[in-house]
Amino acid sequence: MAPKKPLCLPALLLPLLTLLLPQAGTRSFVVDRENDRFLLDGTPFRYVSGSLHYFRVPRVLWADRLFKMRMSGLNAVQFYVPWNYHEPQPGVYNFNGSRDLFAFLNEASLANLLVILRPGPYICAEWDMGGLPAWLLQKPDIHLRTSDPAFLAAVDSWFKVLLPKLYPWLYHNGGNIISIQVENEYGSYRACDFSYMRHLAGLFRALLGDRILLFTTDGPEGLKCGSLQGLYTTVDFGPADNMTKIFGLLRVYEPHGPLVNSEYYTGWLDYWGQNHSTRSVLAVTKGLESMLKLGASVNMYMFHGGTNFGYWNGADEKGRFLPITTSYDYDAPISEAGDPTPKLFALRNVISEFQEIPLGPLPPPSPKMTLGPLTLQLDGDLLAFLDFLCPQGPISSILPMSFEAVKQDRGFVLYRTYLTYTVSEPTQFWVPNNGVHDRAYVMVDGVFQGVLERNMKHQLFLMGKVGAKLDILLENMGRLSFGSNSSDFKGLLEPPVLGQTVLSRWLMFPLKIDKLVKRWFPLQLKKRSHPQVPSGPTFYSTKFPILGEGGDTFLSLPGWTKGQVWINGFNLGRYWTKRGPQETLYVPRPLLFSRGALNKITLLELENVPPQPQVQFLDRPILNSTLHKTYIYSLSADTQGAPEPMELSGH
Ligand SMILES: CCCCNC(=S)N1C[C@H](O)[C@@H](O)[C@@H](O)[C@H]1CO
């Protein structure tokens with residue numbers, strides 16, 4: 001059902017050809033307000049849809065996941081388009097490889113799935129900055145998600161590239177997109193800026209025409225500011241919510257037309273340091289059955305969650321900054337590794353009571369493999385590779401500069417200064433205003449001193465001679481993706497204080513670590529400048545063959561603390577074994593070479609290397625480990641006294 005690409009045929013043939021093509025004009029997807037239903041090509045239609053985010057699944061696995069969704073009885077797939085995934089710098093666009101949104105649309109078409117598209121500009125989704133590009137914050141006073149002209153200019157420029165590309169994919173033009181969402185749960189955002197929403201609706205209409213169904217989605221408390229005349233109003237809620245009450249509220253805004261739940265939560269997200277989230281099969285299936293009995297159209301969020309590879313996870317603020325884990329398994333019907341779960345079969349049974357489902361079995365779980373333990377070799381301290389990691393050299397400034405100011409969106413920036421006097425006693429070192437965004441690994445002359453963490457750990461005690469190098473590796477743990485009352489700038493947002501001295505004269509090194517890891521064949525090994533434990537930011541790696549066919553696997557890092565992993569140069573994501581609840585990282589089989597070719601695993605361990613630097617590949621995930629105790633340090637008014645830690649056992 002992919003739109004017919006204009007063929008470069010001799011002009012006289014084209015009229016003949018159009019007689020053969022399905023007449024786009026006969027295709028339609030509309031709301032029938034008289035009978036509270038959708039009509040597809042004039043016949044009553046209800047969608048049973050599932051969310052799958054192409055940006056969380058390697059492209060080679062898209063067809064497999066979409067096929068499983070179709071075989072589960074779904075007739076539509078819903079997905080976001082993350083702006084920051086496709087416009088890495090202003091005016092630079094990327095729709096290639098795993099970012100080829102149109103290839104994904106085509107795969108959905110081949111799987112016989114209609115599409116419910118949610119292009120934002122904000123998408124939430126536990127994705128870095130809710131999909132908004134970090135470069136927007138290079139204008140620090142920008143008002144995101146409002147009619148701020150600076151924000152709207154960037155939005156217009158992005159949508160004038162994206163939306164015309166989507167036009168041929170609209171259902172009535174021969175494609176598979178039946179509806180498009182404007183913004184995302186705007187009613188949950190503090191701004192409540194109706195001119196912003198009207199601007200977006202006008203832009204979508206101008207670029208997509210007046211036939212496509214445009215809609216909004218909000219929780220029950222967000223309908224007032226999130227809905228807009230001319231956009232079809234839908235809601236989102238989970239199995240524990242009061243469906244009658246919420247659909248009753250929805251009827252205030254949409255007295256006629258089909259009831260729609262655009263995000264029916266089949267599970268939930270995980271935060272580092274919090275317990276693993278699950279939703280029961282019984283509750284999820286009962287809720288779906290009740291909605292289908294009402295004739296509602298439903299999208300299950302998520303049907304397949306996938307993974308936050310690289311640095312792409314977002315974060316929430318619930319009393320404190322809470323980064324989302326690398327796994328986006330979501331306790332969804334299709335597991336992170338793409339396996340059907342009992343929840344999928346239970347939901348499939350419910351769907352089969354209401355509509356035809358494809359005959360035939362679901363594919364079985366994919367083959368899994370175990371491997372190891374593998375012993376990793378030391379490549380060297382991160383500091384030893386500074387020339388490679390920051391080839392253009394540092395930026396200098398009296399005060400430390402943010403990630404956005406040095407144009408580094410994600411990952412790490414090294415901040416360096418030199419002690420201008422000798423500190424002979426352990427002396428309090430801290431950053432005012434909770435100004436570490438988000439974690440700082442502190443070294444003096446290359447010797448690791450410890451960690452500062454946003455909301456969690458506010459001070460260390462340092463010593464050093466005059467002229468000693470004070471290095472702070474600053475980690476961006478992912479930008480707030482929901483409910484932020486201010487822009488989530490990253491980096492050292494205030495100048496650190498040592499004793500009574502505000503430290504100034506800083507060098508900032510934006511680090512291109514992924515580039516180094518990709519080309520690391522073979523950089524000469526660097527011996528440790530200071531063989532010690534804890535080690536601080538250090539690279540380890542090894543190579544290994546896979547004998548036989550192999551399979552999907554789950555990387556376990558027993559005894560390691562926190563860091564980043566690459567397999568054959570692919571950034572698998574963050575690990576945080578010390579904090580949990582996730583203790584393994586999903587390794588899709590297609591990332592691995594087989595038939596004896598050597599694979600390479602590279603770790604950047606940020607804190608403590610275990611005495612035995614080994615890793616293991618398991619045949620099952622561990623996403624719900626018992627949490628280690630974490631402490632939150634209240635910022636005491638008087639910074640002289642060490643703030644008392646409050647013990648926080650993982651919640
Ligand atoms: C803890 C609140 C997180 C906010 N997000 C909520 S309510 N959700 C609605 C949001 O639209 C979707 O993108 C997802 O972010 C989903 C949670 O998975």
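One-based numbering along the sequence shown. Keep in mind it's a predicted model, so treat the numbers as computed, not measured. Each ligand, and each atom within it, is numbered from 1 in the order the structure gives.
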- Return the orientation label for the Phe151 and Tyr196 ring planes: parallel under 30°, perpendicular over 60°, tilted otherwise. tilted
- Item | Qualifying ring-ring contact (aromatic ring centres under 6.0 Å, His included) pairs with a residue from residues 330-351, counting only residues at least two apart or across chains | Tyr301-Tyr330, Tyr328-Tyr330
- Task: Name all pairs fulfilling the salt bridge (Lys or Arg N to Asp or Glu O under 4.0 Å) condition that reach into residues 268-281, sequence neighbours left out, sorted by first residue then second.
- Result: none
- Considering residues at least two apart in sequence or located in another chain, which fulfil the salt bridge (Lys or Arg N to Asp or Glu O under 4.0 Å) criterion with Glu87? none
- Item | Amino acids in close contact with ligand 1, where any non-hydrogen atom sits under 4.0 angstrom away | Tyr80, Ile123, Cys124, Ala125, Glu126, Asn184, Glu185, Glu263, Tyr265, Trp268, Leu269, Tyr271, Tyr301, Asp316, Tyr328, Tyr330, Phe482
- Report the relative orientation of the aromatic rings in Phe95 and His86; use parallel for angles under 30°, tilted for 30 to 60°, perpendicular for over 60°. parallel
- Task: Indicate yes or no: does Glu453 engage Arg320 in a salt bridge with an N to O separation below 4.0 Å.
- Result: no
